[in-house]
Amino acid sequence: MSEYMTLSNSNELIRIAAERLVYVSSDGNYSDIYTCDRQRRTVTLQLGDIEKALERQIKQEEFIRIGKSLIVNMRHLHYINPSKQQIILSDNSTFRFDLSASKKALKQFKEYLEQNMETR
(Lines give C-alpha, C1' and ligand atoms only; values in the text may rest on other atoms or scores of the structure.)
Protein backbone atom coordinates (compact mmCIF):
# COMPACT_ATOMS: atom_id res chain seq x y z
CA MET A 1 0.00 0.00 0.00
CA SER A 2 1.34 3.42 -0.96
CA GLU A 3 1.77 6.32 1.38
CA TYR A 4 0.48 9.68 0.20
CA MET A 5 1.23 13.32 0.81
CA THR A 6 -1.91 15.43 0.78
CA LEU A 7 -1.75 19.22 0.59
CA SER A 8 -4.77 21.46 0.79
CA ASN A 9 -5.44 25.17 0.67
CA SER A 10 -8.56 27.27 0.11
CA ASN A 11 -8.66 26.46 -3.64
CA GLU A 12 -7.35 22.95 -4.13
CA LEU A 13 -6.31 19.61 -2.75
CA ILE A 14 -3.35 17.63 -4.08
CA ARG A 15 -2.67 13.99 -3.21
CA ILE A 16 0.56 12.39 -4.43
CA ALA A 17 1.91 8.88 -3.77
CA ALA A 18 5.31 9.03 -2.05
CA GLU A 19 7.06 6.89 -4.65
CA ARG A 20 5.84 9.20 -7.46
CA LEU A 21 7.10 12.40 -5.82
CA VAL A 22 10.55 13.23 -7.24
CA TYR A 23 11.32 16.66 -5.78
CA VAL A 24 9.95 19.96 -4.55
CA SER A 25 11.53 23.33 -5.34
CA SER A 26 10.55 26.59 -3.74
CA ASP A 27 10.68 30.29 -4.38
CA GLY A 28 9.30 32.24 -1.45
CA ASN A 29 5.64 31.46 -0.79
CA TYR A 30 5.28 29.21 -3.85
CA SER A 31 6.52 25.65 -4.27
CA ASP A 32 6.63 23.46 -7.37
CA ILE A 33 6.05 19.74 -6.86
CA TYR A 34 7.48 17.46 -9.57
CA THR A 35 6.37 13.88 -10.10
CA CYS A 36 7.88 10.98 -12.04
CA ASP A 37 5.46 11.56 -14.93
CA ARG A 38 7.18 14.98 -15.32
CA GLN A 39 4.13 16.89 -14.10
CA ARG A 40 4.59 20.10 -12.11
CA ARG A 41 2.06 21.34 -9.59
CA THR A 42 2.51 24.82 -8.13
CA VAL A 43 1.13 25.35 -4.64
CA THR A 44 0.99 28.42 -2.42
CA LEU A 45 2.98 26.86 0.40
CA GLN A 46 6.47 27.52 1.63
CA LEU A 47 9.00 24.69 1.50
CA GLY A 48 8.98 24.40 5.30
CA ASP A 49 5.23 23.68 5.23
CA ILE A 50 5.72 20.92 2.67
CA GLU A 51 8.62 19.51 4.67
CA LYS A 52 6.39 19.30 7.76
CA ALA A 53 3.61 17.64 5.74
CA LEU A 54 6.06 15.02 4.49
CA GLU A 55 7.29 14.32 8.03
CA ARG A 56 3.71 13.99 9.33
CA GLN A 57 2.15 12.06 6.49
CA ILE A 58 4.87 9.93 4.94
CA LYS A 59 6.91 9.10 8.06
CA GLN A 60 9.89 8.03 5.98
CA GLU A 61 13.39 9.37 5.77
CA GLU A 62 13.37 9.22 1.99
CA PHE A 63 12.81 12.94 1.59
CA ILE A 64 15.80 15.16 2.31
CA ARG A 65 15.95 18.93 2.28
CA ILE A 66 18.92 20.42 0.42
CA GLY A 67 19.56 24.05 1.22
CA LYS A 68 16.81 26.66 1.30
CA SER A 69 14.83 25.69 -1.76
CA LEU A 70 14.89 21.95 -2.51
CA ILE A 71 13.50 18.68 -1.13
CA VAL A 72 14.47 15.50 -2.99
CA ASN A 73 13.21 11.94 -2.88
CA MET A 74 16.24 9.75 -2.14
CA ARG A 75 14.70 6.90 -4.18
CA HIS A 76 15.46 8.90 -7.32
CA LEU A 77 18.94 10.20 -6.47
CA HIS A 78 21.33 9.36 -9.29
CA TYR A 79 24.25 11.84 -9.19
CA ILE A 80 25.69 14.68 -7.10
CA ASN A 81 28.58 16.97 -8.00
CA PRO A 82 29.04 19.90 -5.57
CA SER A 83 31.76 21.62 -7.62
CA LYS A 84 29.44 21.73 -10.66
CA GLN A 85 26.46 22.57 -8.41
CA GLN A 86 24.61 19.67 -10.05
CA ILE A 87 22.25 16.97 -8.82
CA ILE A 88 20.46 14.48 -11.06
CA LEU A 89 17.27 12.69 -10.09
CA SER A 90 16.28 9.81 -12.35
CA ASP A 91 14.76 6.34 -12.55
CA ASN A 92 17.22 5.51 -15.38
CA SER A 93 14.45 4.91 -17.89
CA THR A 94 11.46 7.27 -18.00
CA PHE A 95 12.55 10.55 -16.41
CA ARG A 96 15.58 12.63 -15.56
CA PHE A 97 15.72 15.98 -13.77
CA ASP A 98 18.98 17.97 -13.80
CA LEU A 99 18.93 20.43 -10.93
CA SER A 100 21.29 22.95 -9.44
CA ALA A 101 21.89 23.87 -5.83
CA SER A 102 24.55 25.78 -3.97
CA LYS A 103 27.99 24.22 -3.64
CA LYS A 104 27.76 24.44 0.13
CA ALA A 105 24.38 22.68 0.30
CA LEU A 106 25.44 19.91 -2.11
CA LYS A 107 28.74 19.41 -0.30
CA GLN A 108 26.92 19.01 3.02
CA PHE A 109 24.41 16.65 1.40
CA LYS A 110 27.15 14.52 -0.16
CA GLU A 111 29.00 14.31 3.17
CA TYR A 112 25.77 13.33 4.92
CA LEU A 113 25.19 10.54 2.39
CA GLU A 114 28.75 9.28 2.70
CA GLN A 115 28.45 9.13 6.50
CA ASN A 116 25.13 7.26 6.31
CA MET A 117 25.78 4.90 3.39
CA GLU A 118 25.07 1.78 5.41
CA THR A 119 21.59 2.95 6.37
CA ARG A 120 20.46 4.09 2.91
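Bear in mind that the values here come from a model prediction, so they are computed numbers and not experimental data.
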Problem - Rounded distance (nearest 0.5 Å) linking atom OH of Tyr79 with atom CD of Gln86 - result: 5.5 Å

Exercise for the section: Take Arg15 and Met5 through the test side-chain contact (heavy atoms from CB on, under 4.5 Å) and record every step on the way to the result. Expected result: CA-CA 6 Å; Arg15 185 172 182 250; Met5 177 184 70; over 6 Å; no

Exercise for the section: Please work out which of the three classes, parallel, tilted or perpendicular, describes the rings of Tyr34 and Tyr23, given edges at 30° and 60°. Expected result: parallel

Fill in the blank from the handout: Given the options Ile80, Ile87, Asn81, Lys84 meets side chain to side chain contact (heavy atoms under 4.5 Å, CB included) only with Asn81

Problem - With Gln108 via side chain to side chain contact (heavy atoms under 4.5 Å, CB included) - residues at least two apart - result: Lys104

Problem - Backbone of Ser26 reached by a side-chain donor or acceptor of Ser31 within 3.5 Å - result: no

Problem - Side chain Glu51, main chain Ile71, donor-acceptor under 3.5 Å - result: no

Practice task
With Leu99 as reference, evaluate Leu89, Leu106, Ile88 under the side chain to side chain contact (heavy atoms under 4.5 Å, CB included) test and give the passing residue.
Solution key: Leu89

Scan the side chains in residues 39-47 for donor-acceptor partners under 3.5 Å anywhere in the protein, sequence neighbours excluded, and list what turns up.
from, atom 1, to, atom 2, distance (Å)
Thr42, OG1, Asp32, OD1, 2.5
Thr44, OG1, Asn9, ND2, 3.2
Gln46, NE2, Asn29, OD1, 2.7

Fill in the blank from the handout: When Leu13, Leu54, Asp49, Ile33 are each screened for side chain to side chain contact (heavy atoms under 4.5 Å, CB included) with Leu7, the one that passes is Ile33

Practice task
Measure centre to centre between the rings of His76 and Phe95, then say whether the value is under 6.0 Å.
Solution key: yes

Problem - Expected output: side-chain Arg38 to main-chain Arg96 donor-acceptor under 3.5 Å - result: yes

Handout entry: Euclidean distance, Arg20 CZ relative to Cys36 SG, rounded to 0.5 Å
Key = 3.5 Å

